[in-house]
Enquirer: 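Before anything else, here's the structure in question.
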Amino acid sequence: MLPLAPWPYPRWIAHRGAGKLAPENTLAAFRLGAQYGYRMFECDAKLSADGVPFLLHDATLDRTTTGHGTGGDLPWSQLAQLDAGGWHSRSYAGEPLPTLEHLARYCIANTFLLNIEIKPTPGLEEKTGRVVAEHAARLWQGQAVPPLLSSFRPEALAGARATAPQLPRALLLDTLWNGWHGVARELGCVAIVCNHALWDAALVAQMHADGLRALSYTVNDEWAAQRLIDLGTDGTITDRVDLFSPAA
Ligand code: G3P
Ligand code: MG
């Protein structure tokens, strides 16, 4: 039985800035999430071809920008020219892709907290973990609360641990695949971030007994949020910044 370390993060975390209400992973989305009272955000980070960590969920640019093909194939100078807002709605047309550094500046200036999901271009898992963690360590140096680094890919978390072991890590799970608990332990994780349907009382108790926090994604229904609160989980990532009040 390991003691649970103090947890500096709030329960409510706004997914990709403000869920679906603004273009995901743009600064406009984080500003909107903040207007709804959110003080912690989740974002997806990957590398440009020249190694700049920037925010994009998909491996490809097509769904959420005016670009085409694999985002990680372009240098930052070209990614910076794309429109990452117009796909969402006219009012966001012209919104650029942010680098991780842009979002770090915004969060630090406003004392907002961040969960950086390391979302590597396939094949670049370890390198993406290393570079994102290196940038995060530099950007948040001297801040009271570091960003929480998470990933579905253990190789990315191993890379993060190699360059910035002091930054907290969390393993993301969409299924309870064979060996996940040992991998989380081996990677020195402080939390598990599960598809919310996977949590039950036994699993939450098992995580807490092992010194791990229990977080959930992506929780958009009141009944699901209440179930997770009743189970004693520690954090909830939501798209519905308009439904859930983070002050509650
Ligand atoms: O970090 C939690 C959640 O964002 C994981 O899934 O696909 O929305 O990035 P996804
Ligand atoms: Mg994500």
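One-based numbering, in listed order, for ligands and for the atoms of each.
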Enquirer: Please name the atom of Glu117, limited to N, O or S, that comes nearest to the Mg ion (ligand 2).
Expert: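 This residue's closest N, O or S atom turns out to be OE1.
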
Enquirer: Geometry only, no angles: is Asn115 polar-contacting ligand 1 at N/O separations under 3.5 Å?
Expert: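 Min N/O separation from ligand 1 is not below 3.5 Å for Asn115.
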
Enquirer: Which ligand 1 atoms, with their elements, are less than 4.0 angstrom from a heavy-atom of Arg16?
Expert: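 Close to Arg16: 7 (O), 8 (O), 10 (P).
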
Enquirer: Go through ligand 1 atom by atom and flag the ones less than 4.0 Å from a non-hydrogen atom of His15.
Expert: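 Within the 4.0 Å cut-off of His15, ligand 1 contributes 3 (C), 4 (O), 8 (O).
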
Enquirer: Can you name the atoms of ligand 1, numbered from 1 with element, that are less than 4.0 Å from a heavy atom of Phe152?
Expert: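 Result: 5 (C), 6 (O).
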
Enquirer: N/O of Glu117 under 3.5 Å from N/O of ligand 1, yes or no?
Expert: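 Checking ligand 1 against Glu117, an N or O pair does fall under 3.5 Å apart.
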
Enquirer: Among the N/O/S atoms of Asp44, which is closest to the Mg ion (ligand 2)? Give the atom name.
Expert: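 The atom in question is OD1.
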
Enquirer: Is any N or O atom of Glu42, backbone or side chain, closer than 3.5 Å to an N or O atom of ligand 1?
Expert: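 Between Glu42 and ligand 1 (N or O atoms, distance only) the closest approach is under 3.5 Å.
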
Enquirer: Evaluate the side-chain proximity of Cys107 to Leu113: yes if any heavy-atom separation is below 4.5 Å, no if none is.
Expert: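 No, every pair of side-chain atoms sits at 4.5 Å or beyond.
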
Enquirer: With a distance cut-off below 6.0 Å to the six-membered ring centre and an angular limit of 45° from the axis, does Arg16 pair with Phe41 as a cation-pi contact?
Expert: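 The answer is no, since Arg16 fails at least one limit relative to Phe41.
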
Enquirer: Can you report which non-hydrogen protein atom sits closest to atom 7 (O) of ligand 1, along with the distance?
Expert: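 Result for atom 7 (O) of ligand 1: His57 NE2, 2.7 Å.
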
Enquirer: Between Ser150 and ligand 1, does any nitrogen or oxygen pair lie at a separation below 3.5 Å?
Expert: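 No.
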
Enquirer: Under a heavy-atom criterion of less than 4.0 Å, does Val193 contact ligand 1?
Expert: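 No, Val193 has no heavy atom closer than 4.0 Å to ligand 1.
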
